[in-house]
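Heads up, the thing below is written out as structure tokens.
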Amino acid sequence: MTERPPSPEPLLAARDLAYATGGRRLVDGVSLEARPGSLQAIVGPNGAGKSTLLKLLSGELAPTQGTVAYAGEAVAAIPPWRLAALRAVLPQAAHLAFPFTAAEVARIGLDGIGRGLGRRDRAGILAEALARADATHLGARAYPTLSGGEQARVQFARVLCQLAAGRTLAPAQVLLLDEPTASLDLRHQGALLDAARDLTRRGTAVIAILHDLNLAAAYADALIVLEAGRLVANGPPAAVMRDDLIARVFGVSWPVGRVPEGGQPFLLPRRTVAG
């Protein structure tokens, strides 16, 4: 009998995470793992605790209970410069009042961990990141003058710069995305998630908060479903996206269909037509 090769060690492991503030538990007893080459989508209704969970995973918030570890090391014990090499975070919004150019904002991802790189390498990383985010033509423009979608693409270029610089110190990394497609048009939603999938092929583990369940089912290997701060489902989209779960968690009676070619699930909204 041939033994199976051991599964890769989790790049990120959360155990029994909880976070309470103001007398409320925003996250309650959540455990999950992120392994090299995986893309997981956190989904759930407004107020389910998705952004709070992502902040706990990134180390921005300290849990009331439980642990977060990167490659077996507690996140609180990892020096900031090394944590920046291990994981990159794209928040929901990043407001800047200073008139930095878009290229200067993207270049922030190279600060600190990228200082040991030569000028040519830094310039190459920046150029590649801006191109991957479809933001090259925005490089010389003042960041505050950009539209919300354009700013989101520049911020995505920033995290791509950070990951590229961090690879010199950490060959396997985690990318955390908080509603990365919220302000993007259809073309750029697909382009960003395509880029995220490309990163998984290099061994990156991606965790993204997504509100569009169809995008989540199309791109994610697994859906992590939160309801009132608790994890209620975690698994492949085909196993998680069920009529009963959608109705209970999201409060809608929209049926789940299947793409004929591959069986991938998708949600079918119902439009009520006035009679």
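Any value given below was found using the heavy atoms of this structure, including those in side chains, with hydrogens, waters and symmetry copies removed.
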Linking I/L/V/M/F/W/Y whenever their side-chain heavy atoms sit closer than 4.5 Å, directly or via other members, would [X] and [Y] fall into one cluster?
| X | Y | answer |
| --- | --- | --- |
| Ile207 | Leu192 | no |
| Ile42 | Val30 | yes |
| Val206 | Phe156 | yes |
| Phe250 | Leu223 | yes |
| Leu32 | Val68 | yes |

Check the pair Leu199, Leu160 against side-chain contact (heavy atoms from CB on, under 4.5 Å), reporting the backbone distance first and the verdict last. CA-CA 9 Å; Leu199 286 168; Leu160 292 177; 3.9 Å; yes

For [X] and [Y], indicate whether the former's side chain and the latter's backbone hold a donor-acceptor pair under 3.5 Å.
| X | Y | value |
| --- | --- | --- |
| Asp243 | Val256 | yes |
| Gln173 | Leu163 | yes |
| Gln264 | Ala217 | yes |
| Thr64 | Ala20 | yes |
| Thr200 | Ser38 | no |
| Lys50 | Pro45 | yes |
| Gln189 | Leu184 | yes |

Gap between atom [atom2] of [Y] and atom [atom1] of [X] - 0.5 Å precision:
| X | Y | atom1 | atom2 | answer |
| --- | --- | --- | --- | --- |
| Leu186 | His188 | CG | NE2 | 11.0 Å |
| Leu130 | Thr136 | CG | OG1 | 5.5 Å |
| Leu54 | Glu60 | CG | CD | 9.0 Å |
| Met241 | Arg258 | CE | CZ | 7.5 Å |
| Asn214 | Leu267 | CG | CG | 6.0 Å |
| Arg153 | Ser147 | CZ | OG | 7.0 Å |

For [X] and [Y], work out which heavy atoms get closest and say how close.
| X | Y | result |
| --- | --- | --- |
| Leu11 | Ala172 | CD2-CB, 3.5 Å |
| Val232 | Arg248 | CB-NH2, 4.1 Å |
| Ala34 | Ala205 | CB-CB, 3.9 Å |
| Ile125 | Ala165 | CD1-N, 4.4 Å |
| Ala135 | Val154 | CB-CG2, 4.3 Å |
| Ala129 | Ala157 | CB-O, 3.5 Å |

Determine whether Val43 and Val249 make a side-chain contact, defined as any pair of heavy atoms from C-beta on separated by less than 4.5 Å. no

Quick check: do Leu90 and Arg158 have side-chain heavy atoms less than 4.5 Å from each other? yes

Stepwise side-chain contact (heavy atoms from CB on, under 4.5 Å) test for Cys161 and Leu126: CA-CA 6 Å; Cys161 283; Leu126 177 61; 4.0 Å; yes

Under the criterion side-chain contact (heavy atoms from CB on, under 4.5 Å), I'd like the reasoning laid out for Tyr219 against Leu210: C-alpha separation, chi angles, the key distance, then a yes or no. CA-CA 11 Å; Tyr219 280 92; Leu210 295 173; 5.7 Å; no

Under-4.0 Å salt bridge between Arg15 and Glu33: yes

Using a strict 4.0 Å threshold on nitrogen-to-oxygen distance, state whether Arg242 and Asp244 make a salt bridge. yes

Of Leu231, Leu226, Ile209, the one forming a side chain to side chain contact (heavy atoms under 4.5 Å, CB included) with Leu53 is Leu226

Within the supplied structure, the quantity of interest is the number of heavy atoms (other residues, nucleotides, ligands) at a distance under 6.0 Å from Arg24 CZ; does it exceed 12? no

Not counting sequence neighbours, list each pair that qualifies as a salt bridge (Lys or Arg N to Asp or Glu O under 4.0 Å) and has a residue in residues 209-226. Arg197-Asp221

Is there a side-chain contact (heavy atoms from CB on, under 4.5 Å) between Leu57 and Leu17? Walk through the geometry before answering. CA-CA 9 Å; Leu57 297 178; Leu17 277 188; 4.1 Å; yes

Does the side chain of Gln155 come under 3.5 Å of the side chain of Tyr143 through a donor N or O and an acceptor N or O? yes

Taking only residues two or more places apart in sequence, or in another chain, which ones meet Ser51 in a side chain to side chain donor-acceptor pair (under 3.5 Å)? Gln92, Asp178

Check residues 81-88 and write down every donor-acceptor pair under 3.5 Å in which the side-chain atom is one partner and the other belongs to a residue at least two apart or another chain.
residue	atom	partner	partner atom	Å
Arg82	NH1	Glu73	OE1	3.2
Arg82	NH2	Glu73	OE1	3.0
Arg82	NH2	Glu73	OE2	2.9
Arg87	NE	Ser58	O	2.9
Arg87	NH2	Ser58	O	3.1

